[in-house]
Amino acid sequence: MRSLRLVVLGTLANNPWAGMAWMHMQIAEGLRRLGHRVSYFEVTSEWPYDPLRRSRVNDSDYALNYLAATAEAFGFADSWAYRRSYSDGEWFGLARGAAERILQEADLVINVSGATRPRTGEGLRIGRLVYLGTDPVYHEITYEQGKEDTRALIEQHDDFATYGENIGSPDCPVPPLPGLKAKTRQPVLLDRWKDGPPPRRELTTICNWKQGGRDVAFQGEVYRWSKHHEFERFIDLPRRVEEQPIEIAMGLDDAAIVRPTPKEEVPSGGLPAGDRRLLESKGWRLADAHAFSTDPRRYRDYIRASRGEFTVARDLNVRLRSGWFSERSACYLAAGRPVITQDTGFGRILPTGEGLFAFRTIEEILAAIDAVNSDYPRHSRAARAVAEEYFAAEKVLARLLADLGV
């Protein structure tokens, strides 16, 4: 395979949460491990979020420091660029001339989540632009329905890849995006996650409680984006397994004081006081994700300290059977932590029943927890084996590039 010039285009500094850092950097480092020349670029015109000020801001003070530190931690200290597109257009990291030349000459520019509009919104000259859909269904459906904003986003790309591995199959009615070349999944750097036995008893997960803005109507039904709808379906779970503590890490700021800005496409509304009381009364343990979610190392430590993951998926992925699987859940597996997660149809691709469990009902959750606790070492080994076979960055990304024809 010849060495390619590749750019991973993302928003990890604009949205400086550790899960975003891992999502982007595992792609970038995984591609570099295949022998390619890889750069990480950020050029969005959306104001960056500053977690110290708890708001989006019209400056790059926090974003630049965070990006520089993250890039260095993953070996990209000399191969990142940040364009302050939302104000003066100044470049940082790589110089303007070098950065713009790389964008034009790259074999592929991989636009993670389609979160940037480099050709239209930012007016940059780009080589072959690939949309990597990490949160499928919404863009597929709204493109098919002719939503103007979605069409403007999608039509600037040359090729498409998706984490919705079931899209196009008989049991998933979601229409594929035009030019869909690859169905893929989150690549994981296995060596960065491997760990010994967990020190904690809790099954955990990390999420936003309420997010608005992306519910979608399709074929006479409304499909929900926010995960709190699915957690509420299983609200009594902790009382059914009192011997197995279950913890959700999220932003615990009261929704009454959280003020999402109009520039947020999918705003997080905080945790309403009534919802917090309900969760705690039902036995859910709550952790403040802000205590670790701005630091990729502490985020990894939280996952590796957990006994495993219990989580839900978005309603639109569950009912429409997209096959989507969480990049965070893949990291739990790589750490040897069993995952119990809501069924989105991913069982067509991934093995379930040992180390990884898909559920639809509370009875299936209870059975999975019993199985894990009856032989934890076996399910821990099985979780790691699933990650090694299906999520290893080198395997996932080599196949993605092959499917894209490079």
Side-chain angles (χ1 to χ4, degrees), residues 7-25 28 39-74 76-103 109 111-126 149 153 208 211-213 250-270 288-299:
V7 175
V8 176
L9 187 65
T11 54
L12 78 82
N14 197 63
N15 298 293
W17 306 115
M20 293 286 284
W22 280 104
M23 180 175 74
H24 288 84
M25 287 289 102
S39 302
Y40 176 80
F41 279 25
E42 195 147 333
V43 302
T44 179
S45 59
E46 183 176 297
W47 288 8
Y49 183 81
D50 183 335
L52 301 179
R53 287 177 276 181
R54 299 287 181 97
S55 67
R56 294 202 173 271
V57 296
N58 190 20
D59 65 64
S60 57
D61 296 349
Y62 187 94
L64 278 173
N65 288 330
Y66 180 82
L67 176 52
T70 301
E72 183 175 7
F74 285 89
F76 285 83
D78 299 321
S79 51
W80 64 270
Y82 180 95
R83 182 177 187 253
R84 198 157 51 196
S85 301
Y86 49 85
S87 58
D88 57 8
E90 186 175 353
W91 285 90
F92 300 86
L94 294 173
R96 176 191 298 271
E100 291 182 347
R101 184 169 59 255
I102 289 171
L103 282 173
V109 176
N111 191 7
V112 180
S113 305
T116 306
R117 303 187 181 195
R119 286 174 170 163
T120 56
E122 322 312 336
L124 294 168
R125 295 181 180 179
I126 303 291
D149 191 57
L153 166 67
N208 289 299
Q211 286 184 292
M250 66 177 92
L252 297 182
D253 288 342
D254 193 317
I257 63 172
V258 173
R259 293 289 182 267
T261 70
K263 294 180 75 64
E264 291 181 86
E265 187 176 359
V266 188
S268 177
D288 182 11
H290 288 293
F292 61 84
S293 61
T294 58
D295 184 332
R297 290 167 298 182
R298 295 178 66 188
Y299 175 94

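Since this is a predicted model, take the numbers as computed values, not measurements.
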Next on the checklist: If you compare all heavy atoms of A115 against all heavy atoms of T44, which two are closest, and at what distance to 0.1 Å?
Outcome noted: O-OG1, 4.4 Å

Checklist entry - More than 12 heavy atoms of other residues, nucleotides or ligands under 6.0 Å from CZ of R96: is that the case? => result yes

Next on the checklist: Taking the side chain as everything from C-beta on, heavy atoms only, tell me whether Y49 gets closer than 4.5 Å to P16.
Outcome noted: yes

Checklist entry - Under 4.5 Å between any side-chain heavy atoms of E122 and S45, yes or no? => result yes

Checklist entry - Among R84, R56, R117, whose salt bridge (charged side-chain N to carboxylate O under 4.0 Å, His left out) with E46 holds? => result R56

Next on the checklist: Looking at W80 and F41, would you say the former's side chain and the latter's main chain have a donor-acceptor pair under 3.5 Å?
Outcome noted: no

Next on the checklist: Could you go through Y40 and L67, starting from their C-alpha distance and side-chain angles, then the distance that decides it, and tell me whether this counts as side chain to side chain contact (heavy atoms under 4.5 Å, CB included)?
Outcome noted: CA-CA 10 Å; Y40 176 80; L67 176 52; 3.7 Å; yes

Next on the checklist: Under a 4.0 Å threshold between the charged nitrogen and the carboxylate oxygen, would D295 count as salt-bridged to R298?
Outcome noted: no

Item to check | Heavy-atom side-chain proximity of P118 to L9 below 4.5 angstrom | outcome: yes

Checklist entry - If every non-hydrogen atom of G251 is compared with every non-hydrogen atom of A289, which pair is closest and at what distance? => result N-CB, 4.2 Å

Next on the checklist: How about CD on E90, more than 12 heavy atoms from neighbouring residues, nucleotides or ligands closer than 6.0 Å, or not?
Outcome noted: yes

Checklist entry - Taking 4.0 angstrom as the limit, do D59 and R53 come out as a salt bridge? => result yes

Checklist entry - Is the closest side-chain heavy-atom distance between R125 and L103 below 4.5 Å? => result no

Item to check | N/O donor-acceptor pair under 3.5 Å between S293 side chain and W17 backbone | outcome: no

Checklist entry - Is any side-chain heavy atom of Y62 closer than 4.5 Å to a side-chain heavy atom of T294? => result yes

Next on the checklist: Measuring only between side-chain heavy atoms, which start at C-beta, is W91 closer than 4.5 Å to E100?
Outcome noted: yes

Item to check | Chi angles and distances behind the side chain to side chain contact (heavy atoms under 4.5 Å, CB included) call for S87, N58 | outcome: CA-CA 7 Å; S87 58; N58 190 20; 4.1 Å; yes

Checklist entry - Is a donor on one side and an acceptor on the other found under 3.5 Å between the side chain of N111 and the backbone of T116? => result yes

Next on the checklist: Nearest 0.5 Å, please: how far is OG1 in T120 from CD1 in I126?
Outcome noted: 10.5 Å

Item to check | Spatial distance of atom CE (M25) from atom CG (L12) [nearest 0.5 Å] | outcome: 5.5 Å

Next on the checklist: Please report the interatomic distance CE(M250) to CG(D288), rounded to the nearest 0.5 Å.
Outcome noted: 10.0 Å

Checklist entry - Taking the inter-plane angle between the rings of Y299 and F292 on a 0 to 90° scale, is it parallel (under 30°), tilted (30 to 60°) or perpendicular (over 60°)? => result tilted

Checklist entry - Where the side chain of H24 meets the backbone of V112, is there a donor-acceptor pair that is under 3.5 Å apart? => result no

Checklist entry - Is there a side-chain contact between P48 and Y86, using heavy atoms and a 4.5 Å cut-off? => result yes

Next on the checklist: If you apply the rule side chain to side chain contact (heavy atoms under 4.5 Å, CB included), what do you find for Y82 with S60, and how did you get there?
Outcome noted: CA-CA 10 Å; Y82 180 95; S60 57; 4.0 Å; yes

Next on the checklist: I'd like to know if D253 pairs up with R54 as an ion pair, taking the criterion as any Lys NZ or Arg NE/NH1/NH2 lying under 4.0 Å from an Asp or Glu carboxylate oxygen.
Outcome noted: yes

Item to check | E42 side-chain N/O to N14 backbone N/O, donor-acceptor pair under 3.5 Å | outcome: yes

Checklist entry - Which pair of heavy atoms, one from S113 and one from M23, lies closest together, and at what distance? => result OG-CE, 4.0 Å

